[in-house]
Novice: 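Here it is, the structure in full.
Numbering starts at 1 and runs along the sequence shown. Since the structure is predicted, the reported quantities are computational estimates derived from the model, not experimental observations. Worth knowing before you read on, the calculation uses all heavy atoms, side chains too, and leaves out hydrogens, waters and symmetry mates.
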Amino acid sequence: MNFKSKLLLALLATSSAAFAQTAPAEPESTLGYNVGVVTEYRYRGLAQTKGDAALQGGVDYADASGYYLGAWASTIKWIKDSGSNASGPVELDLYGGYKFEAAGLAYDVGYLRYQYVNNSYDKVSTKNANTDEIYGAVTAGVFTAKYSYAFSDLFGAYDATNKKSSKGSGYLDLSATFDLGEGYSLVPHAGRQTVKNITGASYTDLALTLNKDLGDGLSASASAISTNVSKNAYFLSSASSYNTAKNAVVLGVKYSF
């Protein structure tokens with residue numbers, strides 16, 4: 001083999017090695033589980049467990065194509081505490097969607113079903129608590145904006161006097177995730193829940209969450225949560241007069257595997 005042939009082979013080998021090192025890895029499909037406990041379950045700033053602890057857990061499947069499916073559940077008390085012998089001790093969220101990137105931004109669109117297992121909230125509001133939403137989110141760097149639109153009555157909210165539905169209610173979620181190093185991250189959040197046709201039900205919530213990755217799938221969190229809701233009948237429990245919108249600090253621990 002002459003010198004030119006040897007040189008050509010060497011260049012080809014070098015180019016192949018460089019390509020192998022720099023080529024992006026193919027995305028992989030994943031299946032994950034999580035289980036955790038929080039000192040109080042708060043959703044969109046509002047108490048779901050009347051100030052008590054909640055047990056939570058879920059499963060998520062993410063396909064290499066960008067499609068995903070998941071289910072998540074939590075113990076709740078707000079339906080039972082609404083009075084009129086209503087019941088519904090578990091919230092089960094079923095969701096699916098598609099994530100993709102374009103023009104340097106990350107997008108997420110999907111559907112979410114809030115299923116309140118065997119609930120009888122219609123004894124309180126004449127409407128079942130089960131809710132259907134579609135959502136869309138866009139992420140730029142550390143910032144994320146998400147909007148959720150309810151195409152069913154929102155968590156059983158209904159104006160029975162005027163026979164007006166809360167369909168078309170929406171929630172705007174603005175957040176950011178800052179990596180502080182050493183497993184810590186800080187997540188500020190601001191949200192605006194608009195409730196259609198229910199007087200005095202729309203509100204704003206704020207939260208600041210500190211997360212800590214403890215390793216081996218274990219993580220901890222501490223959240224300071226506030227709303228601009230004034231004390232009124234809509235946000236008070238009928239059974240206990242518990243103010244579901246009052247300020248709170250929520251601690252949590254979660255194990256993912």
Novice: Just by distance, do the side chain of S169 and the backbone of K196 share a donor-acceptor pair under 3.5 Å?
Specialist: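 Flag set: sc S169 to bb K196 pair under 3.5 Å.
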
Novice: Give the table of side-chain donor-acceptor pairs shorter than 3.5 Å for residues 89-100, with sequence neighbours excluded, one pair per line with atom names and distance.
Specialist:
unit_1	atom_1	unit_2	atom_2	d
E91	OE1	Y41	OH	2.9
E91	OE2	Y41	OH	3.1
Y95	OH	D60	OD1	2.4

Novice: Could you tell me if the side chain of Y121 sits less than 4.5 Å from the side chain of V124, heavy atoms only?
Specialist: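 In short, these two side chains touch, coming nearer than 4.5 Å.
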
Novice: Which heavy atom of A145 sits nearest a heavy atom of L174, and at what distance?
Specialist: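 Taking A145 first and L174 second, the nearest heavy atoms are CB-CD2, 3.7 Å.
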
Novice: Salt bridge check, R44 against E133: does any charged N sit closer than 4.0 Å to a carboxylate O?
Specialist: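 Counted as a salt bridge, because a side-chain N and a carboxylate O are separated by less than 4.0 Å.
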
Novice: Validate the cation-pi geometry between K50 and Y242: distance from NZ or CZ to the six-membered ring centre under 6.0 Å, angle to the ring axis within 45°.
Specialist: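 Relative to the ring axis of Y242, which defines the angle, K50 lies outside at least one limit.
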
Novice: Treating T227 as the side-chain partner and G45 as the backbone partner, does any N or O pair qualify as donor plus acceptor under 3.5 Å?
Specialist: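 No: the side chain of T227 does not pair with the backbone of G45.
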
Novice: Is the backbone N or O of L206 less than 3.5 Å from a side-chain atom of S226, with the two atoms forming a donor-acceptor pair by type?
Specialist: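 No, S226 side chain to L206 backbone: no donor-acceptor pair under 3.5 Å.
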
Novice: Under a single-linkage definition using a 4.5 Å side-chain heavy-atom cutoff for Ile, Leu, Val, Met, Phe, Trp and Tyr, are V249 and V38 assigned to the same hydrophobic cluster?
Specialist: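 No, V249 does not connect to V38 through the hydrophobic network.
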
Novice: Once rounded to the nearest 0.5 Å, what's the spacing between atom OG of S165 and atom CD1 of I198?
Specialist: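 Reported to 0.5 Å precision, the distance equals 8.0 Å.
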
Novice: Check T209 against N211 and note the closest heavy-atom contact, atom names and distance.
Specialist: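 Scanning both residues completely, I find the closest heavy atoms to be CG2-OD1, 3.5 Å.
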
Novice: Quick one, S87 with K123, criterion side chain to side chain contact (heavy atoms under 4.5 Å, CB included). Give me CA distance, side-chain angles, the key distance, then yes/no.
Specialist: CA-CA 9 Å; S87 62; K123 292 181 179 180; over 6 Å; no

Novice: If you take all heavy atoms of L105 and A140, which pair is closest and at what distance?
Specialist: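 Smallest heavy-atom distance, with atoms named: CD2-CB, 3.5 Å.
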
Novice: Testing R42, K77, K80 one by one against D52 for a salt bridge (Lys or Arg N to Asp or Glu O under 4.0 Å), which residue passes?
Specialist: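 Looking at R42, K77, K80, the match for D52 under the salt bridge (Lys or Arg N to Asp or Glu O under 4.0 Å) is K77.
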
Novice: Does Y68 belong to the same Ile/Leu/Val/Met/Phe/Trp/Tyr cluster as L31, with side-chain heavy atoms less than 4.5 Å apart forming each link?
Specialist: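 No, separate clusters.
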
Novice: For the atom pair OH (Y33) and OG (S256), what is the distance rounded to the nearest 0.5 Å?
Specialist: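 One finds 13.0 Å between OH of Y33 and OG of S256.
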
Novice: Any donor-acceptor pair under 3.5 Å linking the side chain of D108 with the backbone of A137?
Specialist: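 No, because the side chain of D108 does not come within donor-acceptor range (under 3.5 Å) of the backbone of A137.
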
Novice: Counting N and O atoms only, with roles assigned by atom type, does the side chain of S152 sit under 3.5 Å from a partner on the main chain of D132, one being a donor and the other an acceptor?
Specialist: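 Yes; at least one donor-acceptor contact below 3.5 Å.
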
Novice: Please tell me if the side chains of T144 and H189 come closer than 4.5 Å, counting only heavy atoms from C-beta onward.
Specialist: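 No, too far: nothing below the 4.5 Å cut-off.
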
Novice: At what distance, to the nearest 0.5 angstrom, does CG of N119 lie from CD1 of I76?
Specialist: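 The CG atom of N119 sits 7.5 Å away from the CD1 atom of I76.
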
Novice: Identify whether Y135 and L154 are in the same connected component of the hydrophobic contact network (ILVMFWY, side-chain heavy atoms under 4.5 Å).
Specialist: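 Y135 clusters together with L154.
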
Novice: Any non-hydrogen side-chain atom of N197 less than 4.5 Å from a side-chain atom of S166?
Specialist: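 In short, these two side chains do not touch, never coming nearer than 4.5 Å.
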
Novice: Checking T131 side chain against A129 main chain: does a donor-acceptor pair fall under 3.5 Å?
Specialist: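 Flag set: sc T131 to bb A129 pair under 3.5 Å.
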
Novice: Between S125 and Y158, is there a donor-acceptor pair closer than 3.5 Å when you use the side chain of the first and the backbone of the second?
Specialist: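 No, because the side chain of S125 does not come within donor-acceptor range (under 3.5 Å) of the backbone of Y158.
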
Novice: Report, as yes or no, whether the 6.0 Å neighbourhood of atom OH on Y184 holds more than 12 heavy atoms from other residues, nucleotides or ligands.
Specialist: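 Result for OH/Y184: open.
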
Novice: Work out which heavy atom in V250 is nearest to a heavy atom in T39; give both atom names and the distance.
Specialist: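 It is CA-OG1, 3.5 Å.
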
Novice: Spell out, as yes or no, whether a donor-acceptor pair under 3.5 Å connects the side chain of K212 to the backbone of E182.
Specialist: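 Flag set: sc K212 to bb E182 pair under 3.5 Å.
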
Novice: Taking side chain as C-beta onward, heavy atoms only, is L180 less than 4.5 Å from L210?
Specialist: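 L180 vs L210: side chains touch.
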
Novice: Could you verify whether a donor N or O on one side chain and an acceptor N or O on the other, from S219 and D213, lie under 3.5 Å apart?
Specialist: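 No donor-acceptor contact under 3.5 Å links the two side chains.
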
Novice: Working to the nearest 0.5 Å, report the span between NZ of K127 and CG of D159.
Specialist: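 Between atom NZ of K127 and atom CG of D159 there are 11.5 Å.
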
Novice: In the structure I gave you, are the side-chain heavy atoms of L218 and D216 within less than 4.5 Å of one another anywhere?
Specialist: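 Answer no - side chains too far apart.
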
Novice: According to a hydrophobic-cluster definition based on side-chain heavy atoms being under 4.5 Å apart (Ile, Leu, Val, Met, Phe, Trp, Tyr only), do Y43 and V195 belong together?
Specialist: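 Yes, Y43 and V195 fall within the same hydrophobic cluster.
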
Novice: Set out, in order, the CA-CA distance, both residues' side-chain angles and the distance that settles ring-ring contact (aromatic ring centres under 6.0 Å, His included) for Y149 and Y147, then state yes or no.
Specialist: CA-CA 7 Å; Y149 175 86; Y147 185 74; 7.0 Å; no

Novice: Check A54 against S74 and note the closest heavy-atom contact, atom names and distance.
Specialist: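 Looking at all heavy atoms of both residues, the closest pair is CB-OG, 3.8 Å.
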
Novice: Looking at every non-hydrogen atom in both residues, tell me the closest pair between A64 and P27 and how far apart they are.
Specialist: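 For A64 and P27, the tightest heavy-atom pair comes out as CB-O, 3.5 Å.
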
Novice: For the CG atom on N118, are there more than 12 heavy atoms of other groups (residues, nucleotides or ligands in this structure) within a distance under 6.0 Å?
Specialist: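 No, the 6.0 Å shell around CG holds no more than 12 heavy atoms from other groups.
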
Novice: Tell me whether the rings of Y116 and F155 are parallel (<30°), tilted (30 to 60°) or perpendicular (>60°).
Specialist: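 Aromatic pair Y116/F155 classed perpendicular.
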
Novice: To the nearest 0.5 Å, how far apart are CD1 in I134 and CZ in R113?
Specialist: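 So the gap between those two atoms works out to 14.5 Å.
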
Novice: Below 4.5 Å, heavy atoms only, C-beta onward: do Y171 and D205 meet side chain to side chain?
Specialist: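 Heavy-atom side-chain distance check passes, below 4.5 Å.
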
Novice: Compare all side-chain heavy atoms of K167 with those of D153 and state whether any distance is below 4.5 angstrom.
Specialist: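 They are in side-chain contact.
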
Novice: For residues V138 and Y67: do they belong to one hydrophobic cluster (side chain heavy atoms under 4.5 Å, members Ile, Leu, Val, Met, Phe, Trp, Tyr)?
Specialist: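 Linked within one cluster.
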
Novice: Nearest 0.5 angstrom please: Q56 CD to N34 CG, how far?
Specialist: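 Answer for the CD-CG pair, Q56 versus N34, is 9.0 Å.
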
Novice: Does any non-hydrogen side-chain atom of Y203 lie less than 4.5 Å from one of L46?
Specialist: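 In contact.
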
Novice: Show, in sequence, the C-alpha distance, side-chain angles and deciding distance for E101 and T139, and conclude whether the side chain to side chain contact (heavy atoms under 4.5 Å, CB included) test is met.
Specialist: CA-CA 9 Å; E101 294 185 5; T139 298; over 6 Å; no

